[in-house]
Amino acid sequence: MNVKAQLYWDDYWGNKEKPGSVGAWQFGDDPDYLAQLVVDGIKTATCSGHIFYELENEPLPSTEDYSVILNKSDEPVAIIKTAEVGIMPMNEVSEEFVVAEGEGDGTYQYWWSAHEKFFREELKGTGYEFSEDMLLVCERFELVDVNRD
């Protein structure tokens, strides 16, 4: 976690005991747009390729996790808490989940197209290729705080 994110995290909790599981990261390929959707209460879910957790040797998210959401300049925008985690093939993601992701025009077609493009690009050079049934880690989250600085 960078210094600004750590200061925001520490300031939010003040003298209260802080949760142990926190990370700081940006959403996808348009961090400012996606972070603003979170702040506006439109985006309450996100997904990522399961394979990326394996490749980066990262633990899967859990409902104990908090995250400091960063903008494209790595400045803290908000704090979220993971509320639900599920693993499913991309071609089985529900339309309800797509709506909760809040991106684009909110249609399944938009979601599919944007995510397929993103995953194809991210998989380049990994030795893996995109497939319609690739496993996704689907998370729902709650907005905890918005950074007003």
Side-chain angles (χ1 to χ4, degrees), residues 1-2 4-6 8-9 11-13 18-124 126 128-149:
M1 188 175 325
N2 69 36
K4 287 182 181 178
Q6 187 67 57
Y8 170 50
W9 176 251
D11 185 54
Y12 173 76
W13 288 100
K18 294 182 206 86
S21 182
V22 61
W25 45 273
Q26 300 174 345
F27 281 108
D29 59 355
D30 194 350
D32 289 350
Y33 165 69
L34 297 171
Q36 190 61 51
L37 290 177
V38 171
V39 168
D40 293 343
I42 296 168
K43 183 172 184 62
T44 59
T46 192
C47 67
S48 51
H50 187 273
I51 188 66
F52 300 117
Y53 290 93
E54 293 177 13
L55 292 172
E56 297 169 15
N57 200 28
E58 290 285 329
L60 292 174
S62 80
T63 56
E64 303 299 313
D65 294 347
Y66 285 81
S67 299
V68 177
I69 302 303
L70 306 173
N71 64 19
K72 69 180 179 185
S73 301
D74 282 334
E75 297 166 333
V77 174
I79 297 172
I80 61 172
K81 182 177 187 312
T82 303
E84 182 181 312
V85 180
I87 299 173
M88 68 186 68
M90 184 167 166
N91 57 7
E92 292 182 21
V93 170
S94 71
E95 198 161 331
E96 184 218 355
F97 187 85
V98 167
V99 170
E101 281 219 38
E103 300 173 27
D105 63 7
T107 64
Y108 193 88
Q109 182 178 6
Y110 176 90
W111 177 88
W112 184 275
S113 176
H115 283 75
E116 179 180 352
K117 179 182 174 188
F118 178 79
F119 291 137
R120 284 188 186 280
E121 188 63 33
E122 292 296 307
L123 287 166
K124 285 182 182 174
T126 66
Y128 294 90
E129 292 185 10
F130 173 81
S131 68
E132 292 185 357
D133 63 350
M134 71 180 280
L135 290 180
L136 299 186
V137 178
C138 298
E139 299 175 66
R140 292 183 185 269
F141 55 82
E142 299 166 356
L143 179 61
V144 173
D145 188 63
V146 175
N147 190 1
R148 302 289 179 197
D149 288 342

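As the structure is a prediction and not an experimental result, all values here were calculated from the model.
The backbone N or O of N71 sits less than 3.5 Å from a side-chain atom of Q26, completing a donor-acceptor pair. For D32 (side chain) and K72 (main-chain N/O), a donor-acceptor pair under 3.5 Å exists by modelled atom type. Between the Y33 side chain and the E103 main chain, no donor and acceptor come within less than 3.5 Å of each other. Looking only at distances, no side-chain donor or acceptor of D40 sits under 3.5 Å from a matching main-chain atom of L37. The backbone N or O of Y12 lies less than 3.5 Å from no partner atom in the side chain of D145, so there is not a single donor-acceptor pair. Checking side-chain atoms of K18 against main-chain N and O of G20 turns up no donor-acceptor pair under 3.5 Å. With hydrogens and angles ignored, the 3.5 Å screen pairs a side-chain donor or acceptor of T126 with a backbone N or O of Y128.
In this structure, S67 and V22 have side chains that are not in contact, with every pair of non-hydrogen atoms separated by 4.5 Å or more. Side-chain contact between L60 and V85 is absent, with no heavy-atom pair separated by less than 4.5 Å. Counting heavy atoms from C-beta outward, F130 and M90 have side chains that approach closer than 4.5 Å. Looking at heavy atoms from C-beta onward, W112 lies in side-chain contact with N91 at the 4.5 angstrom threshold. You'll find the side chain of Y66 stays beyond 4.5 Å of the side chain of I80, heavy atoms only.
Counting heavy-atom neighbours within 6.0 Å of E116 CD, excluding the residue itself, gives a total above 12.
The shortest non-hydrogen separation linking K4 to N2 is N-OD1, 3.1 Å. When all heavy atoms of F97 and C138 are compared, the pair lying nearest together is CZ-CB, 3.5 Å. Considering every non-hydrogen atom in both V68 and A5, the closest pair reads CG1-CB, 4.0 Å. Across every non-hydrogen atom of V98 and T107, the tightest pair is CG1-O, 3.7 Å. Heavy-atom minimum distance, Y8 versus I79: CE2-CG1, 3.4 Å. Closest of all the heavy-atom pairs between G106 and V99 is O-CG2, 4.0 Å.
The pair K117-E121 does not meet the salt-bridge criterion, since no charged nitrogen lies less than 4.0 angstrom from a carboxylate oxygen.
Using cut-offs of 30° and 60° on the angle between ring planes, the pair W13 and W9 is perpendicular. Relative orientation of the F27 and F141 rings is tilted, given thresholds of 30° and 60° on the angle between their planes.
Interatomic distance, NZ of K81 versus CD of E64, reported as 5.5 Å (0.5 Å rounding). To the nearest 0.5 Å, atom CD1 of residue I87 and atom CD of residue E139 are 10.0 Å apart. In this structure, CG in L136 is found 9.5 Å from CZ in F52, a value given to the nearest 0.5 Å. The line from CG of L123 to CD of E129 is 8.5 Å long, rounded to the nearest 0.5 Å. The distance from atom CE of M134 to atom CZ of F119, rounded to the nearest 0.5 Å, is 5.0 Å. Rounded to the nearest 0.5 angstrom, F118 CZ and C47 SG are separated by 9.0 Å.
With V77 as the partner, the side chain to side chain contact (heavy atoms under 4.5 Å, CB included) test is satisfied by one option alone out of L70, L34, V39: V39.
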